[in-house]
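Below you'll find the structure I mean.
Counting begins at 1 with the first residue of the sequence. Whatever order the structure lists them in is the order used to number ligands and atoms, beginning at 1. The figures here come from the full heavy-atom set of this structure, side chains too, leaving out hydrogens, waters and symmetry mates.
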Amino acid sequence: MENREEDGVGRMARMEEDETVGSSLTMERVAAAKQFIENHYKAQMKHIQQRKERRSELERQFASLDVPQEEQINLLKDLERKETQYMRLKRHKICADDFDLLTIIGRGAFGEVRLCREKKSGNIYAMKKLKKSEMLSRGQVEHVKAERNLLAEVASHCIVKLYYSFQDAEYLYLIMEYLPGGDMMTLLMREETLTETVARFYIAQSVLAIESIHKHNYIHRDIKPDNLLLDKNGHTKLSDFGLCKPLDCSSLSSINENEFLDDENLHESMDVDGCFPEAGSGRPWKSPLEQLQHWKLNKRKLAFSTVGTPDYIAPEVLLKKGYGMECDWWSLGAIMYEMLVGYPPFYSDDPVTTCRKIVHWRNHLKFPEEARLTPEAKNLICRLLCDVEHRLGTLGADQIKAHPWFKDVIWDKLYEIEAAYKPEVNGELDTQNFMKFDDEVEPPRPARAGSGPMRKMLLTQDLSFVGYTYKNFEAVKGLHHSFDIKRSMSPMRSSTDSFHSDSAVDYSSKCSNDETELQMLASSEDTMSQ
Ligand SMILES: Nc1ncnc2c1ncn2[C@@H]1O[C@H](COP(=O)(O)OP(=O)(O)OP(=O)(O)O)[C@@H](O)[C@H]1O
């Protein structure tokens, strides 16, 4: 009897809990549906506008390039064909099954990157797959949306190109161009140090890449060698706009701002060359050579850890003081130092010590004798690794471009000249410039519905990512032009596009895959009614 009563009470409590979960979910679903409908109509208007713009752009080109009449007719027909294909593509519900999964080429904190082949077109892409539940539980939703927005908005040859983004119940997917040259971290591991001429090439291309995202009001915040990728010609492209390595110093054991500011012990124990004690060992110091070797051993490990490496993060970001675009120029200074010296300027065995050294950069920024940097190179590094007020780039990238170290750089030809190293790439499936990863089999998916907190989590998950879908006009292939008019035939952006910062995400300007998004909403409806 008692048991039966308890059962009854328990059941009542569960029903109440279910009702509360239900009503808050209903509110969230209504909000998401409202956003979805608004986005849908805005996207439709936008599509019509962009279509007009693509045509006007082509006609402008006809005039400026003096294209013969007959060719004009062919090109206009081509454009119309491409528009029709694009409309079809937009209606198609794209999903992971549209791709054959090939080699794993990267692993990050929240997922993996794989080479893949689109079944229908045979096109090769890089697929980045992020686990929704991980993004939610670690507060990365806004970051992941920012990444998708930036990639969708910024059409630049310095930025990795996004073709599609979509989602299913468990994952978010970004389908990007595959850059077969590997990443800068791998190149630096192979080369140890670069000559100033070679470093200048990569740093100059990185300046252009960073400038292109700043022009769209984005701050990368996590620029590091692993995020500088190389295309088949060896040209640099910036990637990974997730800003989401939670190097949030709160995640680094017990460190806090006071601890950062209390640098006395660390300062006292520094020697003149900027060497530092070896953590947990009997030996007090590492020579620059030892430091280089240690860095090489540790680098990969740090790159795959969930905390990530703090080596390139600006002090104002670590201190959460409020920061602007200048923080990306600091990171570039740290990368330049690493290229020329062999390890980053504030390297330590222990990330907390690295954070401290960054915050107290004045005491720790040293150039080892044997690195033999030119005075111009040292000067540029010092003008990047310094206080925001004195940092080059604070007034725009032109300040950096004008530095004497870049004296001979012809900025507007940088992506046309031969790269410092041309990667060896044999065919479109070649992954020799990437590390080898185990192809782990994923554990079976958990049941979808359930009740209580689990159900709430799954539904919130779906609603959090409404509007993630994107399809690039450039995903439509197969146009043949007798001259190079193709590039300018696909301007997805217009001067009327709104620019978004990572704090002000707006999905309205992108074409969303209506059916997929609707299904996400509908599936939460199904789950609710179960
Ligand atoms: N488009 C691409 N083409 C080729 N390789 C890529 C591409 N995108 C990513 N990679 C590889 O995958 C690695 C991890 O990618 P990315 O940094 O975007 O993932 P992430 O999960 O955000 O990583 P992180 O933990 O560094 O934030 C890169 O360092 C690079 O080697």
Exercise for the section: Check each atom of ligand 1 against the heavy atoms of F434 and keep those under 4.0 Å away; list them by number with element. Expected result: 4 (C), 5 (N), 31 (O)

Problem - Distance-only side-chain donor-acceptor flag, Y173 / D168, under 3.5 Å - result: yes

Exercise for the section: Could you list the residues that satisfy ring pair (Phe, Tyr, Trp, His ring centres under 6.0 Å) with F406, not counting sequence neighbours? Expected result: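 Only W411 meet the ring pair (Phe, Tyr, Trp, His ring centres under 6.0 Å) criterion with F406.
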
Practice task
Within a distance under 4.0 Å of any heavy atom of A126, pick out the atoms of ligand 1 and give their elements.
Solution key: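 Counting atoms of ligand 1 from 1, those under 4.0 Å from A126 are 1 (N), 2 (C), 3 (N).
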
Completion exercise
If we number the atoms of ligand 1 from 1 as shown, the ones under 4.0 Å from a heavy atom of G106 are 12 (O), 13 (C)

Handout entry: Close-contact set for ligand 1 against K224 heavy atoms, below 4.0 Å
Key = 26 (O)

Handout entry: Modelled atom types, side-chain donor and acceptor of D328 and S331, under 3.5 Å
Key =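 Per modelled atom types, D328 and S331 side chains form no pair under 3.5 Å.
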
Handout entry: Any I105 side-chain heavy atom under 4.5 Å of Y178 side chain
Key =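 They are in side-chain contact.
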
Exercise for the section: Check if K237 has a non-hydrogen atom at a distance under 4.0 Å from any atom of ligand 1. Expected result: no

Practice task
Would you mind running through ligand 1 and noting each atom that sits below 4.0 Å from a heavy atom of Y178?
Solution key: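 Contacts of ligand 1 toward Y178, numbered from 1: 3 (N), 4 (C).
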
Exercise for the section: Give yes if a backbone or side-chain nitrogen or oxygen of G111 is under 3.5 Å from a nitrogen or oxygen of ligand 1, and no if not. Expected result: no

Practice task
Would you check the N or O atoms of D183, main chain and side chain alike, for any that come under 3.5 Å of an N or O of ligand 1?
Solution key: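 Yes; the residue has a nitrogen or oxygen that sits under 3.5 Å from a nitrogen or oxygen of the ligand.
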
Exercise for the section: Using a 4.0 Å heavy-atom cut-off, say whether L229 meets ligand 1 through its side chain, its backbone, both or neither. Expected result: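 For L229, the contact with ligand 1 is made by the side chain alone.
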
Handout entry: Nearest option to atom 22 (O) of ligand 1, as decided by whichever heavy atom of M127, K128, R114, E177 sits closest
Key = K128

Exercise for the section: Please say whether D226 places an N or O atom under 3.5 Å from an N or O atom belonging to ligand 1. Expected result: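 Min N/O separation from ligand 1 is below 3.5 Å for D226.
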
Problem - For V388, all residues meeting side-chain contact (heavy atoms from CB on, under 4.5 Å), sequence neighbours excluded - result: E316, E326, R391

Problem - Which atom of Y312 lies closest to which atom of K224, heavy atoms considered - result: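 Of all heavy-atom pairs spanning Y312 and K224, the closest is CD1-CB, 3.4 Å.
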
Completion exercise
ligand 1 to N227, heavy atom cutoff 4.0 Å, flagged ligand atoms 17 (O)

Exercise for the section: Indicate whether the side chain of Y164 and that of E118 have a donor and an acceptor atom separated by less than 3.5 Å. Expected result: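 Note: Y164 and E118 side chains meet the donor-acceptor criterion.
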
Exercise for the section: Establish, yes or no, whether a centroid distance under 6.0 Å links the rings of H235 and F201. Expected result: yes

Practice task
May I ask you to list the atoms of ligand 1 that are less than 4.0 angstrom from any heavy atom of V160?
Solution key: 1 (N)

Completion exercise
Checking V409, I400, L414 against V207 for side chain to side chain contact (heavy atoms under 4.5 Å, CB included), the one that qualifies is I400

